[in-house]
Amino acid sequence: MRTGKKILVSGVKPTGRPHIGNYFGAMKQMVDMQDEYDCSIFIADLHALTSVASGNLANSSGDDSALNVATNLAQNTLDLAIDYLAIGLDPKKVTLYKQSDTPQVAELAWIFNCITTMPYLSRAHAFKDAQAKEKETTVGVFDYPILMSADILLPGADIVPVGMDQKQHIEIARDTAEKFNRIFGETFAMPEPLITKDVAVVPGTDGQKMSKSYGNTIGLFASDEEILKAVMKIPTDSKGVDEPKNPDECKVFALHKLFADADLVDLKSRYEKGGIGYKESKEILARKISAFIAPLRAKREKIASDPEYVIDLLIAGGKKAQMKAEKKMEEVRKKVGLTFNQ
Ligand code: AMP
């Protein structure tokens, strides 16, 4: 039911610990916008299953036996729910749920599959990347954008806060909505991506996009030691303390920009004039990240001490999301001819 507010939909995959790229690129926007929008925020556990074939859900010893995959996925899902609450999502304001509690998305994805061509989906970046890296790509990876279209279109998203890496997926959701509406009549709203300019691609400690699969992350709830270790390994050139440096070419400065505070202007001019070494810049950065993470970590520890509370919240959120999803699916089933009462 529309509350009069616009609808925001977004999710994160439970494939490992979230990092500050996930936070600044997408999760922060969910928190910032939860008063203004009717928010459906989910844990993308069905999407996470696409990592099974590549072993990404295995535990640290590399055990990807069925039992371990299941245990890890369930644990990652619970952990991500705790993370969402720790960063400030308010379950009274947002519908927080796990994707698999709305099986209607899988049903809708099948219907979308039947109006989507293979050459169209073959152009998706994620599929092309997976093909370049892996010998055998699963149907799940190929079809990922269609499941994501269903995630977005079923709750009627007006806006989808995501990082730049998801831009093409939102375009696919828009194309899919258009195609469905053209064939079966006006059904789905046209979603808009919300990609926040300065944090569209948060760089990792190696300068590439920060990503769970590149080993270049700074964990959103990392300890002070982990933060310092990650920051200290950021590669720099060999310029001495007094030499002028180009902040735009420095991987350390790129992360300083996440904390656009009063110090940033001063830091920039010290880079340009000379007078700051990379070691000092890294120490300042590690302190800033630690100061930002410490309260989140403390809040997370508190929430994590009561997992039953979190599971109950997810069950309640799942029921609410499923009710909304079912209502929309009834309309879709009628439109495509899957029910007798047209
Ligand atoms: P994922 O972990 O792939 O489910 O990503 C969750 C959200 O974080 C998505 O909206 C991504 O676009 C966003 N994201 C992931 N990595 C980055 C990054 N390095 N910079 C900005 N946003 C990111």
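Just follow the structure's listing: the first ligand is 1, and inside any ligand the first atom is 1. The first residue in the sequence is number 1, and the count goes up from there.
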Any Lys/Arg nitrogen of K133 or D129 sitting under 4.0 Å from an Asp/Glu carboxylate oxygen of the other? no

For ligand 1, which atoms, with element, lie under 4.0 Å from some heavy atom of K209? 19 (N)

Find all atoms of ligand 1 within a distance of less than 4.0 Å from any non-hydrogen atom belonging to H19, and give their numbers and elements. 16 (N)

If you scan protein heavy atoms around atom 20 (N) of ligand 1, the nearest is V202 N, 2.7 Å

Hey, which atoms in ligand 1 end up nearer than 4.0 Å to a heavy atom of V199? 21 (C)

Could you find the nearest protein heavy atom to atom 9 (C) of ligand 1 and give me its residue, atom name and distance? Q166 CG, 4.0 Å

List ligand 1 atoms under 4.0 Å from K212, heavy atoms only on the residue side. 2 (O)

Write out all pairs satisfying ring pair (Phe, Tyr, Trp, His ring centres under 6.0 Å) with one or both partners inside residues 273-295, taking only residues at least two apart or from two chains. Y23-F292, F24-F292, F259-F292

Under 3.5 Å between some N or O of ligand 1 and some N or O of K13? yes

Can you run down the side-chain hydrogen bond (donor to acceptor under 3.5 Å, both in side chains) pairs that involve residues 140-156, sequence neighbours left out, and say none if there aren't any? K13-Y144, H47-D151, Q99-D151, N113-D143

Assess whether a salt bridge exists between E272 and K268, defined as any Lys/Arg side-chain N lying under 4.0 Å from an Asp/Glu carboxylate O. yes

Salt bridge between K288 and E283, side-chain N to carboxylate O under 4.0 Å? no

Any M27 heavy atom less than 4.0 Å to ligand 1: no

Check for me whether A200 has a heavy atom closer than 4.0 Å to any atom of ligand 1. yes

Does H47 come within less than 4.0 angstrom of ligand 1, counting non-hydrogen atoms of the residue? no

Heavy atom to atom 12 (O) of ligand 1, shortest distance: which of L80, V162, D165 holds it? D165

Once you round to the nearest 0.5 Å, how far does CD of E308 lie from CG of L78? 9.0 Å

By number and element, which atoms of ligand 1 are closer than 4.0 Å to a non-hydrogen atom of G163? 10 (O), 11 (C), 12 (O), 13 (C), 22 (N)

Answer with side chain, backbone, both or neither: which part of M164 has a heavy atom less than 4.0 angstrom from an atom of ligand 1? neither

Can you find a heavy atom in the side chain of M329 that is under 4.5 Å from one in the side chain of L108? yes

Atom NZ of K251 and atom NZ of K282: how far apart are they, to the nearest 0.5 Å? 10.5 Å

I'd like to check which ligand 1 atoms, numbered from 1 as shown, lie under 4.0 Å from a non-hydrogen atom of A26. 7 (C), 8 (O), 10 (O)

Quick note on ligand 1: atoms under 4.0 Å from a heavy atom of V201 include exactly 20 (N)

Is the positively charged end of K245 above the ring of F253, judged by distance under 6.0 angstrom from the centroid and angle within 45° of the axis? no

Numbered atoms of ligand 1 (with element) below 4.0 Å of G25, judged on heavy atoms: 21 (C), 22 (N)

Name the closest protein heavy atom to atom 6 (C) of ligand 1, giving the residue it belongs to and the distance to 0.1 Å. N22 ND2, 3.6 Å

Return yes or no for this condition: an N or O of M210 is under 3.5 Å from an N or O of ligand 1. yes

Using 4.0 Å as the upper bound for N to carboxylate O, is an ion pair formed by K6 and E36? no

Within 45° of the six-membered ring axis of F221 and under 6.0 Å from that ring's centre, is NZ or CZ of R297 located there? no

